[in-house]
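Report on one structure; see the data block that follows.
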Amino acid sequence: MHALSRLAPDVRQYLLVTGNYWAFTLTDGALRMLVVLHFHTLGYTPLQIAALFLFYEIFGVITNLLGGYLGARLGLNRTMNVGLAMQVVALLMLTVPTAWLTIPWVMGAQALSGIAKDLNKISAKSSIKLLMSDGQQGTLYKWVAVLTGSKNALKGVGFFLGGALLAGIGWRGSLLVMAAALALTWIASLLLLKKDLGKAKAKPKFRELLSKSRAINVLSAARLFLFGARDVWFVVALPVYLSSVFGWDFWQVGGFLALWVIGYGIIQSFAPAITGKQRGQVPDGRAALIWALLLAGLPGGIALGLGTGLPPQTVLIGGLLLFGALFAVNSSLHSYLIVSYAKADGASLDVGFYYMSNALGRLLGTLLSGWVYQRYGLEACLWISSAFVLLAALISMGLPRHQQADPSTGRA
């Protein structure tokens, strides 16, 4: 605490926001893995498991739209703290006796968790914009990459944690441990996070929820298909496939998904170096297009490989590791561009609109992951993934190039 108090105020707030984001992300990743594996062992079909996440994703869409508005009006510290508290409640809801764990009850708990997650994410991503001046685009890119990359690495740790806790102390014990740890984080946040962080000077009108920036609208559409392309195979299809086809246990499934997301997060953190920041280049719409095109054919290639005589584990695992590396750079570019395009005053409005599209992509991918896998198998999920990435690339052709978009108009 003493060392924290000696840091510059902006750095101290950045570390507090990042710490909150990290703690939340661990429980979010662990809860997702707990739900998939626990209900798979109870005999739920892939489509039924996907349905458990339906409200999580639907309320994520709504929260991203309204959360940015609330953050601009009330302050990002309040939206972040509300998100932490709601996640604690969501975890405790799932500790009820097994007989009470009906699909509607679990969907309700997942709805709270979805709201909590996106309140937390909007608050964290928008806060960085407030701590950087408009002339610090290179530093902004680096900070966004570090925050986003570390979050995804910790989400991977959360996947492993969920599988390990389920195997070690069971469903209810796992949830109680996570709820207690996150409650302590929430109390610390209430005491230390700056009041009125991110509160807009001019009170935003409700009609301002929808972005009027062309750049943000185009980027949001590309983001929708980019994340749909990941979740169409990642959320339900892959863990069920690894468990039922390869015969992997909880530790192996959770461990692989954890390593995949950790590696993905680490590469996100290094995305500025990969995309040319060390040469003084700040990415634009052309970079988003090129990296999406590099990714587009890979899922289809994996699907083709699974249909040959090659060892399926080598094809699938190797292909998905390469997908993770390329996807990480794509995601990091998008995360930088939205923070760069967003208006400084009330940044959470623009960030919230963008992440609403992100949540729509996850919702679409989640539903397709359960339904397509159950009807047609993993290869069909991978072909849809390729089509979605190609759509994201085509949409990215409309993004500004060579110079950053004007914060107020979105024009280059």
Side-chain angles (χ1 to χ4, degrees), residues 29-53 152-153 155-168 170-171 174 228-267 295 297-328 365-386 388:
L31 180 58
R32 179 170 287 264
M33 189 54 54
L34 281 168
V35 169
V36 170
L37 295 177
H38 180 67
F39 286 94
H40 175 57
T41 60
L42 293 179
Y44 281 55
T45 68
L47 186 56
Q48 287 174 321
I49 295 172
L52 295 176
F53 294 102
N152 284 307
K155 190 168 186 176
V157 175
F159 287 155
F160 178 76
L161 180 66
L165 286 173
L166 186 61
W171 169 259
S174 302
R230 182 197 66 178
D231 284 3
V232 69
W233 56 263
F234 184 80
V235 175
V236 177
L238 182 63
V240 173
Y241 184 90
L242 295 176
S243 177
S244 59
V245 177
F246 289 170
W248 290 10
D249 60 23
F250 291 160
W251 287 88
Q252 290 173 306
V253 174
F256 173 71
L257 294 180
L259 289 173
W260 189 90
V261 178
I262 289 169
Y264 156 61
I266 291 171
I267 293 172
L295 179 63
L298 182 56
I302 298 171
L304 288 173
L306 290 174
T308 66
L310 296 172
Q313 292 200 26
T314 301
V315 171
L316 183 62
I317 303 308
L320 292 183
L321 289 175
L322 181 56
F323 181 100
L326 293 174
F327 185 85
T366 297
L367 292 176
L368 289 174
S369 187
W371 179 73
V372 173
Y373 178 75
Q374 186 169 314
R375 293 291 300 272
Y376 305 106
L378 182 62
E379 290 90 341
C381 295
L382 291 167
W383 280 114
I384 292 172
S385 177
S386 266
F388 277 13

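All heavy atoms count here, side chains included; hydrogens, waters and symmetry mates do not. Numbering of residues begins at 1 and proceeds along the displayed sequence.
- Interatomic distance, CD1 of Ile49 versus OG1 of Thr366, reported as 12.5 Å (0.5 Å rounding).
- Ring centroid separation for the pair Trp233 and Phe323 comes in under the 6.0 Å cut-off.
- Every side chain to side chain contact (heavy atoms under 4.5 Å, CB included) that Val261 has, sequence neighbours left out, goes to Asn152, Lys155, Phe159, Phe234, Tyr264.
- The CG atom of Leu304 sits 11.0 Å away from the CG atom of Leu310 when rounded to the nearest 0.5 Å.
- Using bins of under 30°, 30° to 60° and over 60° for the plane-to-plane angle, the ring pair Trp371/Tyr376 lands in the perpendicular bin.
- Looking at heavy atoms from C-beta onward, Leu316 lies in side-chain contact with Leu378 at the 4.5 angstrom threshold.
- At least one donor-acceptor pair closer than 3.5 Å links the side chain of Ser244 to the backbone N or O of Val240.
- A donor-acceptor contact shorter than 3.5 Å is absent between the side chain of Ser386 and the backbone of Trp383.
- At a threshold of 4.5 Å between non-hydrogen side-chain atoms, the residues Leu306 and Leu382 count as touching.
- Across all non-hydrogen atoms, the minimal contact from Leu166 to His38 is CD2-N, 4.0 Å.
- Two residues are said to be in side-chain contact when any heavy atoms from C-beta on lie closer than 4.5 Å; Leu238 and Trp260 fail this criterion.
- Atom CG of residue Leu42 and atom CZ of residue Phe39 lie 6.0 Å apart, to the nearest 0.5 angstrom.
- Counting all heavy atoms, side chain and backbone alike, Val236 lies closest to Pro46 at CG1-O, 3.5 Å.
- Considering only heavy atoms from C-beta on, Arg32 comes within 4.5 Å of Val235 through its side chain.
- Between Gln48 and Leu52, the closest side-chain pair of non-hydrogen atoms is not below 4.5 Å.
- Between Leu242 and Gln252, every side-chain heavy-atom pair lies at or beyond the 4.5 Å cut-off.
- The distance from the CZ atom of Arg230 to the CG atom of Leu320 is 12.5 Å, given to the nearest 0.5 Å.
- Here the closest heavy-atom approach between residue Phe388 and residue Gly228 is recorded as CD2-C, 3.5 Å.
- The minimum heavy-atom distance linking Ala258 with Phe160 is given by the pair CB-CB, 3.3 Å.
- Going from atom CZ of Phe327 over to atom OG of Ser385 covers 8.5 Å, rounded to the nearest 0.5 Å.
- Looking only at side-chain heavy atoms (C-beta outward), Trp171 and Val35 come within less than 4.5 Å of each other.
- Rounded to the nearest 0.5 angstrom, Leu368 CG and Ile384 CD1 are separated by 5.5 Å.
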